[in-house]
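What follows is a short report on a single structure.
Quick note: residue numbers are just sequence positions, from 1.
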Amino acid sequence: MNKKLVFVTNNAHKLEEISQILGDKIDLLSLKDINCQEDIPETADTLEGNAFQKASYIHQKYGYDCFADDTGLEVEALNGEPGVFSARYAGSGHDSEANMQKLLQNLIGKTNRKAQFRTSICLIIDDKVHTFEGICKGIIIEEKRGETGFGYDPIFVPEGYENTFAELGNDIKNQISHRAKAVEALCTYLKNE
């Protein structure tokens with residue numbers, strides 16, 4: 001029988017992405033599956049802090065083994081911005097289009113376009129806390145390209161590629177992305193557990 005794990009997210013894109021990466025090794029449950037309707041706090045000032053905050057909330061309140069992630073886009077020329085504020089860079093509405101426009105605006109005139117996506121995962125299993133990280137380095141291009149993906153995918157070109165995440169498609173993205181690397185570390189841990 002597969003282990004049940006709650007992935008602490010309401011983001012259908014993330015849930016689908018992680019389900020594809022995990023395959024059939026784990027029975028992945030969503031917040032909807034456990035009837036969690038609350039707005040889980042994300043008030044930490046680091047990705048690691050937010051991931052822990054979300055996972056511990058579900059673990060304490062619902063008693064499930066679970067994991068939560070937080071991901072940020074860190075742009076070198078902007079001192080790591082938007083970072084922990086990536087989803088709400090242009091305001092609290094989680095508006096991807098507005099976030100991309102603000103980022104591109106803030107990069108006007110800057111020649112250094114280096115950036116990295118970083119994912120931090122906090123797993124709480126058998127009352128123990130574990131953290132995993134994945135990083136995908138790349139650059140921010142000057143205008144959007146591609147139709148797939150979400151968030152900043154249309155303006156991020158990963159190292160070693162000429163296409164944006166939004167052009168590469170989910171199959172390739174799920175093999176090379178920051179989230180894929182963090183989830184791979186999580187899966188390796190779970191398999192050896």
- Task: Output all residues satisfying ring pair (Phe, Tyr, Trp, His ring centres under 6.0 Å) with Phe52, sequence neighbours left out; order by chain, then residue number.
- Result: none

For [X] against [Y], the heavy-atom pair lying closest together:
X      : Y      : result
Tyr62  : Gln37  : OH-N, 4.5 Å
Leu5   : Phe67  : CD1-CD2, 3.8 Å
Val75  : Pro82  : CG2-CD, 4.2 Å
Gly134 : Ala182 : N-CB, 3.6 Å
Ala51  : Ala68  : O-CB, 3.4 Å
Ile140 : Ala115 : CG1-CB, 3.8 Å

Just by distance, do the side chain of [X] and the backbone of [Y] share a donor-acceptor pair under 3.5 Å?
X      : Y      : answer
Arg113 : Ile141 : yes
Lys4   : Asp27  : no
Asp126 : Lys128 : no
Thr148 : Ala166 : yes
Lys54  : Asp69  : yes
Asn99  : Ala87  : yes

- Could you go through the side-chain contact (heavy atoms from CB on, under 4.5 Å) check for Gln116 and Ile135 one step at a time? CA-CA 7 Å; Gln116 67 179 22; Ile135 290 174; 3.4 Å; yes

Do [X] and [Y] sit in one hydrophobic cluster, given that two such residues count as connected whenever their side-chain heavy atoms are within less than 4.5 Å of each other, even indirectly?
X      : Y      : answer
Phe132 : Phe117 : no
Tyr64  : Leu28  : no
Ile40  : Ile34  : yes
Ile58  : Leu29  : yes
Leu15  : Ile26  : yes

Heavy-atom side-chain contact between [X] and [Y] under 4.5 Å:
X      : Y      : answer
Thr164 : Ile155 : no
Met100 : Tyr152 : yes
Cys66  : Phe7   : no
Asn174 : Val183 : no
Glu74  : Arg118 : yes
Phe165 : Ile176 : yes
Thr71  : Ser86  : no
Pro41  : Tyr57  : yes

Got a second to check how far [X]'s [atom1] is from [Y]'s [atom2], nearest 0.5 Å?
X      : Y      : atom1 : atom2 : value
Phe156 : Cys136 : CZ    : SG    : 4.5 Å
Glu162 : Arg145 : CD    : CZ    : 8.5 Å
Leu107 : Ile139 : CG    : CD1   : 11.0 Å
Lys110 : Leu104 : NZ    : CG    : 13.0 Å
Leu168 : Asn163 : CG    : CG    : 5.0 Å
Ser120 : Leu47  : OG    : CG    : 6.5 Å

Using a cut-off of 6.0 Å, state whether more than 12 heavy atoms not belonging to [X] lie near its atom [atom1].
X      : atom1 : value
Lys102 : NZ    : yes
Gln105 : CD    : no
Glu184 : CD    : no

- Query: Taking atom types as modelled, is there a side-chain donor on Ser30 or Asp33 under 3.5 Å from an acceptor on the other?
  - Reply: yes

- Query: Using a distance-only test with no angle check, is there a side-chain donor-acceptor pair under 3.5 angstrom linking Tyr89 and Asn106?
  - Reply: yes

- Intermediate values then yes/no, side-chain contact (heavy atoms from CB on, under 4.5 Å), Lys114 and Asn112: CA-CA 6 Å; Lys114 289 182 189 168; Asn112 178 359; 3.3 Å; yes

- For Gln53 and Thr43, run side chain to side chain donor-acceptor pair (under 3.5 Å): C-alpha distance rounded to whole Å, both residues' side-chain angles, the deciding distance at 0.1 Å, then the answer. CA-CA 8 Å; Gln53 198 175 23; Thr43 55; 2.8 Å; yes

- For the rings on Tyr189 and His130, is their centre-to-centre separation under 6.0 Å? yes

- Test side chain to side chain donor-acceptor pair (under 3.5 Å), reference Asp70, set Asn50, Thr119, Thr9, output is Asn50

Could [X] and [Y] be called an ion pair, given the rule that one side-chain N must be under 4.0 Å from one carboxylate O?
X      : Y      : answer
Lys144 : Glu97  : yes
Asp153 : Lys173 : yes
Lys137 : Glu159 : no
Lys61  : Glu38  : yes

- Query: Would Tyr161 and Ile172 count as a side-chain contact (heavy atoms from CB on, under 4.5 Å) if you check the C-alpha gap in whole Å, the side-chain angles of each, and the deciding distance to 0.1 Å?
  - Reply: CA-CA 11 Å; Tyr161 290 82; Ile172 293 173; 4.1 Å; yes

- Apply the test side-chain contact (heavy atoms from CB on, under 4.5 Å) to residues Glu81 and Leu103: give CA-CA distance (whole Å), side-chain angles for both, the deciding distance (0.1 Å), then the verdict. CA-CA 9 Å; Glu81 279 185 20; Leu103 182 66; over 6 Å; no

